[in-house]
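Data block below; observations after.
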Amino acid sequence: MTTANRLSIAVLGAGAWGTAVAIAAAKHPAHHHVSLWVRDAQQAEQMRLQRRNPRYLDEVDFPDNLCIEEGNFSHLVMSADLVVLGTPVSALSDMLQTIAMLSPQAPVVWLCKGIEQTNGLLPHEVQLKAAPHLLCGVLSGPSFALEVARSQPTALVAASHDARVQALLIAAFHGNNMRVYGNTDLVGVEVGGAVKNVLAIATGICDGLDLGLNARAALITRGLAEMTRLGCALGGRPETFMGLSGVGDLVLTATGGLSRNRKVGLLLAQGQSLPEILATLGHVAEGVYCAHNVVQRAGQLGVEMPISAAVVQLLEGKTNAQELVQQLLERDPAIESLPSPPVH
Ligand SMILES: NC(=O)C1=CN([C@@H]2O[C@H](COP(=O)(O)OP(=O)(O)OC[C@H]3O[C@@H](n4cnc5c(N)ncnc54)[C@H](OP(=O)(O)O)[C@@H]3O)[C@@H](O)[C@H]2O)C=CC1
Ligand SMILES: O=C(CO)COP(=O)(O)O
């Protein structure tokens with residue numbers, strides 16, 4: 001740390017979320033020194049000239065203490081108090097391995113929400129495999145990039161088993177209309193972040209078919225039940241799913257007009273094909289890439305996830321939106337199973 005509370009923060013990855021988080025850190029009252037690393041040299045040049053990110057968040061100006069970097073990021077990693085990975089899940093393993101070689105002691109947090117497509121691992125499982133000795137954590141919770149970049153009020157969860165990483169995340173981001181809550185349940189926080197994306201696709205389909213507000217509320221509630229079942233079977237705590245990274249992010253993503261996952265669902269309901277949708281989306285929609293693994297991991301644990309399974313069938317072209325709804329409605333009657341409230 002340079003002076004009391006003033007941190008040097010390196011954000012690697014300048015998509016919508018990496019850019020918004022870099023802006024939030026730079027606007028923090030402690031005036032952190034923030035470097036935002038962009039992989040594309042041309043984009044970096046544009047961002048330096050315009051002091052905005054024309055590709056992903058073109059309406060928000062960069063604060064003066066946000067520096068745009070490109071090329072080799074080793075000097076950034078080696079001098080940072082905190083490294084923040086703004087890349088999608090697909091890049092996590094490579095990024096962590098590179099960072100571990102450069103600076104094995106660097107505290108690293110990731111922002112991605114999903115499951116690795118090739119091997120079905122949650123982000124912290126990817127880290128345990130790729131760079132097990134790094135000091136790590138995740139920042140998650142209901143947070144559309146545009147609103148964070150505009151400093152609109154937002155509450156997030158800083159999850160880590162290491163109290164120093166939680167404290168660093170709070171020092172980096174808590175303030176200037178952002179609240180950051182500490183949490184030690186990495187599994188619960190990451191399952192919430194991954195599954196809500198799949199459920200947002202389902203809710204987009206529901207709304208795209210104009211099934212009504214009753215149907216949407218039912219889908220979100222039963223979706224939360226299936227998220228909680230999977231999360232608890234993987235070792236997460238039931239109360240985590242009642243928190244910001246669980247029901248909080250589920251409600252935001254399933255109902256919010258800024259969600260890319262919800263948009264995928266809306267367009268599927270209109271009859272567009274998945275390749276067409278992905279070709280025009282312009283951003284990563286992690287639900288598309290993790291739905292299959294969510295359902296596969298649930299299957300391995302004997303956990304039922306009918307809504308997520310229906311989304312997988314649709315994404316794989318095995319059903320259409322109308323059939324999917326029929327399939328869910330025709331399920332046998334059941335007792336409403338809910339996770340028990342935590343005992344304090
Ligand atoms: N947007 C949001 O509101 C939120 C997003 N998230 C999560 O954050 C993650 C990133 O999302 P978001 O920023 O919105 O995605 P975007 O699609 O906006 O941007 C993705 C960024 O990652 C870069 N990238 C992709 N692959 C690699 C790689 N292999 N190496 C280096 N950089 C790479 C892309 O570079 P390039 O432009 O060159 O392709 C781009 O800058 C996702 O997991 C998402 O679920 C979480 C909370 C909020
Ligand atoms: O995670 C998010 C909000 O918390 C963003 O969701 P989308 O990726 O669906 O836009």
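One-based numbering, in listed order, for ligands and for the atoms of each.
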(message) Taking only non-hydrogen atoms of G13, do any sit less than 4.0 angstrom from ligand 1?
(response) no
(request) With the side chain counted from C-beta on, respond yes when V108 and V165 share a heavy-atom pair under 4.5 Å apart, and no when they do not. (result) no
(request) Under 4.0 Å from a heavy atom of N261: give me the atoms of ligand 2 that qualify, with their elements. (result) 7 (P), 8 (O), 9 (O)
(message) Side chain, backbone, both or neither: which applies to H283 and ligand 1 if a contact is any heavy-atom pair less than 4.0 Å apart?
(response) both
(request) Work out whether the distance between some heavy atom of A200 and some atom of ligand 2 is less than 4.0 Å. (result) no
(message) Could you identify the single nearest non-hydrogen protein atom to atom 7 (P) of ligand 2 and state the distance to 0.1 Å?
(response) R260 NE, 3.3 Å
(request) Inspect the contact between R52 and D58 and indicate whether a charged nitrogen and a carboxylate oxygen are less than 4.0 angstrom apart. (result) no
(request) For ligand 1, note which part of A14 has a heavy atom under 4.0 Å away: side chain, backbone, both or neither. (result) backbone
(request) Among all protein heavy atoms, pick out the one at the shortest distance from atom 48 (C) of ligand 1; state its residue, atom name and that distance to 0.1 Å. (result) S143 O, 3.1 Å
(message) Using a 4.0 Å cutoff against the non-hydrogen atoms of F144, which atoms of ligand 1 qualify?
(response) 3 (O)
(request) Determine whether the side chains of N72 and S74 contain a donor N or O and an acceptor N or O closer than 3.5 Å. (result) yes
(request) Go through D185 and T240 one step at a time and tell me if the side-chain hydrogen bond (donor to acceptor under 3.5 Å, both in side chains) criterion holds. (result) CA-CA 7 Å; D185 184 10; T240 303; 2.5 Å; yes
(message) Need the ligand 1 atom indices (1-based, order shown) with element for anything under 4.0 Å from a heavy-atom of L111.
(response) 7 (C), 8 (O), 46 (C)
(request) May I ask you to check whether Q97 and D94 show a side-chain donor-acceptor distance below 3.5 Å? (result) no
(message) So that I can tick it off, tell me whether K129 and E116 are bridged by a salt bridge, with the cut-off set at under 4.0 angstrom between side-chain N and carboxylate O.
(response) no
(message) Looking only at protein heavy atoms, which one is nearest to atom 1 (N) of ligand 1, and what is the separation?
(response) R260 NH2, 3.3 Å
(message) Geometry only, no angles: is R262 polar-contacting ligand 2 at N/O separations under 3.5 Å?
(response) no
(message) So if I count the atoms of ligand 2 from 1 in the order they appear, which ones are less than 4.0 Å from some heavy atom of L252?
(response) 3 (C), 4 (O)
(request) Determine whether the side chain, the backbone, both or neither of R39 has a heavy atom under 4.0 Å from any heavy atom of ligand 1. (result) side chain
(message) Please check this pair: side chain of H31 against backbone of R6, looking for a donor-acceptor N/O pair closer than 3.5 Å.
(response) no
(request) Could you tell me whether H283 approaches ligand 2 through its side chain, its backbone, both or neither, with non-hydrogen atoms closer than 4.0 Å? (result) neither
(message) I need the atoms of ligand 2 closer than 4.0 Å to a non-hydrogen atom of S143, numbered in the order shown.
(response) 3 (C), 4 (O)
(message) D40 versus ligand 1: do any nitrogen or oxygen atoms come within less than 3.5 Å of each other?
(response) no
(message) Using heavy-atom distances only, which candidate in A20, G18, A145 approaches atom 3 (O) of ligand 1 most closely?
(response) A145
(request) Give a yes/no verdict on whether any heavy atom in P88 is under 4.0 Å from an atom of ligand 1. (result) yes
(message) Could you check whether S308 and E226, counting side-chain N and O atoms only, form a donor-acceptor pair closer than 3.5 Å?
(response) yes
(request) Please answer whether the main-chain N or O of A254 pairs with a side-chain N or O of R262 as donor and acceptor at a distance below 3.5 Å. (result) yes
(request) Would you mind telling me if ligand 2 is within reach of the side chain of D249, the backbone, both or neither, using heavy atoms under 4.0 Å? (result) side chain
(request) Examine ligand 2 and decide if any of its atoms is less than 4.0 Å from a heavy atom belonging to G141. (result) yes
(message) Students should be able to answer this: which protein heavy-atom is nearest to atom 43 (O) of ligand 1, and at what distance?
(response) E286 OE2, 2.6 Å
(request) If you have a sec, work out which protein heavy atom is nearest atom 32 (N) of ligand 1 and how many Å separate them, to one decimal? (result) T87 CG2, 3.3 Å
(request) Take Q326 and E330 through the test side-chain hydrogen bond (donor to acceptor under 3.5 Å, both in side chains) and record every step on the way to the result. (result) CA-CA 6 Å; Q326 240 12 75; E330 284 168 6; 3.3 Å; yes
(request) Specify the protein heavy atom at minimum distance from atom 11 (O) of ligand 1: its residue, its atom name, and the distance to 0.1 Å. (result) V284 CG1, 3.8 Å
(request) Within a distance under 4.0 Å of any heavy atom of K113, pick out the atoms of ligand 2 and give their elements. (result) 1 (O), 2 (C), 3 (C), 4 (O)
(request) Please write down residue, atom name and distance for the protein heavy atom closest to atom 19 (O) of ligand 1. (result) G15 CA, 3.2 Å
(request) Could you find the nearest protein heavy atom to atom 10 (C) of ligand 1 and give me its residue, atom name and distance? (result) G86 O, 3.6 Å
(request) May I ask you to decide if the ring planes of F73 and W37 are parallel, tilted or perpendicular, using 30° and 60° as cut-offs? (result) perpendicular
(request) Over all heavy atoms of both residues, which pair between L186 and S160 is shortest? Give the atoms and the distance, please. (result) CG-CA, 4.4 Å
(request) May I ask you to decide if H33's main-chain N or O and S35's side chain share a donor-acceptor pair within less than 3.5 Å? (result) no
(request) Could you see which bit of K196 sits under 4.0 Å from ligand 2, with heavy atoms only: side chain, backbone, both or neither? (result) side chain
(message) Heavy-atom pairs closer than 4.0 Å: do any link ligand 2 to the side chain of P142, the backbone, both, or neither?
(response) backbone
(request) Kindly confirm or rule out an N or O of A91 lying under 3.5 angstrom from an N or O of ligand 1. (result) no
(message) If you define the side chain from C-beta out and look only at heavy atoms, does anything of S245 sit under 4.5 Å from D249?
(response) no
(message) Would you say T19 and N53 are linked by a side-chain donor-acceptor pair, where the criterion is simply a distance under 3.5 Å?
(response) yes
(request) Determine whether the side chain, the backbone, both or neither of Y56 has a heavy atom under 4.0 Å from any heavy atom of ligand 1. (result) side chain
(message) What I'd like to find out is whether the side chain of I115 reaches to under 4.5 Å of the side chain of L121, using heavy atoms alone.
(response) no
(message) Quick check: W37 and ligand 1, any N/O pair under 3.5 Å apart?
(response) no
(message) Ignoring hydrogens and geometry beyond distance, is a side-chain donor-acceptor pair present between S8 and D81 at under 3.5 Å?
(response) no
(message) Does ligand 1 come near enough to A16 that some N or O of the ligand is less than 3.5 Å from an N or O of the residue?
(response) yes
(request) Check whether any side-chain heavy atom of F173 lies under 4.5 Å from a side-chain heavy atom of H32, and answer yes or no. (result) no
(request) Pick one of side chain, backbone, both or neither for how M95 approaches ligand 1, counting any non-hydrogen atom pair under 4.0 Å. (result) neither
(request) For the residue pair H292 and E316, establish whether any side-chain heavy-atom pair is separated by less than 4.5 Å. (result) yes
(request) Among all protein heavy atoms, pick out the one at the shortest distance from atom 8 (O) of ligand 1; state its residue, atom name and that distance to 0.1 Å. (result) W17 CD1, 3.4 Å
(message) Within the 4.0 Å heavy-atom shell around K113, which atoms of ligand 1 are there?
(response) 43 (O), 45 (O), 46 (C), 47 (C)
